[in-house]
Amino acid sequence: MPLPGQLNPSPRVLMGPGPSDVHPRVLTAMATPLVGHLDPEFLVIMNETQEMLRDVFQTKNQLTFPVSGTGSAGMETCVVNLIERDDKMIVCVNGVFGQRMADVAQRAGADVTTIEKPWGQVFDLDSIRDALKKTKPKVLGIVHAETSTGARQPMEELGKLCHEFDTLLLVDAVTSLGGIPVEVDRWEIDAVYSGTQKCLSCPPGLAPVSFSPRAMEAINRRKTKVQSWYLDMTMVQRYWGDERFYHHTAPITMIYALREALRLVLEEGLQARFQRHERNHSALKAGLQALGIEYAAEEGYQLPQLNAVKIPGGVDDASVRKRLLAEFGIEIGGGLGDFKGKAWRIGLMGYSSRANNVLLFLSALEQCLLSAGLKISAGAAVAAANEVYSKN
Ligand SMILES: *Cc1c(COP(=O)(O)O)cnc(C)c1O
């Protein structure tokens with residue numbers, strides 16, 4: 001085999017369900033020299049990263065740190081530490097990631113009950129209360145930002161409700177953290193996991209997690225060892241805590257990246273960052289509406305950072321996405337599960353959430369739809385988006 005050429009990926013505008021575009025400062029941080037994972041300088045970097053993570057999660061939880069692995073490793077970490085064989089767990093399923101959480105919990109030996117809502121809808125407190133009453137589970141798991149449908153689960157009061165039943169609340173915040181508010185302490189969340197490649201705009205590879213004191217007590221009361229050696233919090237916390245006891249080699253470069261990504265989040269300010277996501281979402285939505293395109297998630301519960309929309313009739317899913325990528329360098333996501341072939345998922349996450357991306361995408365999509373023979377008025381989408389930008 002001839003030697004492959006030097007790596008030279010084409011520039012892309014990442015507007016799918018993740019990864020999102022990475023800020024140049026994060027890439028620069030990744031190109032800095034390695035230090036050892038027990039180097040005194042690295043220990044400071046770890047502390048700084050944890051402290052900034054607590055700010056972004058809006059928590060005082062001591063056990064807050066990035067798990068080595070992608071978002072799904074965060075999911076697995078939370079489940080295997082909270083669950084012992086035959087423990088009862090309720091998982092709320094209204095999309096792919098709720099399904100995944102139920103699968104992970106079953107594999108971990110939980111006695112799983114799922115409650116379901118149609119894709120694109122969210123759960124109300126009454127239906128969750130009914131399920132808690134019936135099952136009285138140890139853990140209830142729910143997805144805050146369901147990336148497969150673009151639905152935003154309201155979180156107010158949910159933690160309080162779970163605690164009335166002595167149930168721990170486990171939340172998937174993979175797509176929400178850094179894009180919309182995630183208030184771990186105020187919402188009384190007991191275990192939460194995220195991922196770096198969505199609204200934190202860092203490459204994939206780490207899963208920030210946080211455990212409440214109540215969750216830590218439950219973990220310390222376990223009768224059996226955590227089934228996964230690698231993800232066992234009782235061991236990993238000895239490295240991330242004061243002891244600095246070697247467990248596994250920290251992915252140094254990824255932690256450099258996350259540290260810089262978190263600096264960018266806090267420099268901008270959480271509120272300003274959430275407003276930016278809202279603003280670009282409003283402009284994109286106005287543009288899509290001008291093209292006659294509808295959202296897949298219920299009105300009032302749509303995520304600003306993940307716009308799941310119905311593919312217009314007569315338009316071929318794959319050929320449009322292929323053209324967007326080949327001609328314009330734009331990546332968007334196709335549908336998953338029930339939405340396969342029926343929805344596009346347009347991400348405006350973190351560094352990707354910018355007016356120039358919204359305007360570029362709308363004009364590129366317009367060309368694709370015009371070529372597909374759709375009767376749309378040329379220029380209307382960009383004009384509608386610009387109107388939103390001019391107003392706020
Ligand atoms: C992306 C995603 C995951 C999985 O994260 P990976 O980094 O792909 O392992 C889990 N939950 C949600 C809601 C996601 O969007």
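Start at 1 and go down the list; that is how both ligands and their atoms are numbered. The first residue in the sequence is number 1, and the count goes up from there.
By the 6.0 Å and 45° rule, K117 does not stack over the aromatic ring of Y301. With Y351 as the aromatic partner, R354 meets the cation-pi criteria of under 6.0 angstrom to the ring centre and within 45 degrees of the ring axis. With a 6.0 Å cutoff to the six-membered ring centre and a 45° limit on the axis angle, K285 counts as a cation-pi contact of Y295.
The residue from H281, R152, H277 that alone fulfils the side chain to side chain contact (heavy atoms under 4.5 Å, CB included) condition with I180 is R152.
On a distance-only criterion, T175 and ligand 1 share at least one N/O pair closer than 3.5 Å.
In summary, the side chains of S210 and N61 do present a donor paired with an acceptor at a separation below 3.5 Å, with no hydrogens or angles considered. A side-chain donor from one of Q367 and R323 sits under 3.5 Å from a side-chain acceptor of the other.
The shortest separation from a heavy atom of R100 to ligand 1 is under 4.0 Å, placing the residue in contact. Put simply, part of A145 is less than 4.0 Å from ligand 1, judged by heavy atoms.
Nearest to atom 8 (O) of ligand 1 among the protein's heavy atoms is Q197 NE2, 3.8 Å. Atom 15 (O) of ligand 1 has as its closest protein heavy atom T147 OG1, 2.4 Å. Regarding atom 4 (C) of ligand 1, its nearest protein heavy-atom neighbour is S72 OG, 3.4 Å. At the shortest separation from atom 10 (C) of ligand 1 among protein heavy atoms lies F97 CD2, 3.3 Å. The protein non-hydrogen atom at the shortest distance from atom 11 (N) of ligand 1 is D172 OD2, 2.7 Å.
Short contacts between ligand 1 and K198, defined as distances under 4.0 Å to a heavy atom of the residue, involve ligand atoms 1 (C), 2 (C), 3 (C), 14 (C), 15 (O). Near G71, with a cut-off below 4.0 Å to any heavy atom, the atoms of ligand 1 are 5 (O), 6 (P), 7 (O), 9 (O). Of all atoms in ligand 1, numbered sequentially from 1 with element shown, those under 4.0 Å from a heavy atom of T70 are 6 (P), 7 (O), 9 (O).
Between Y230 and H247, the ring-plane angle classifies as tilted under the 30° and 60° cut-offs. Taking the six-membered ring where tryptophan is involved, the planes of F339 and W119 are perpendicular, since the angle between them exceeds 60° and thus also 30°.
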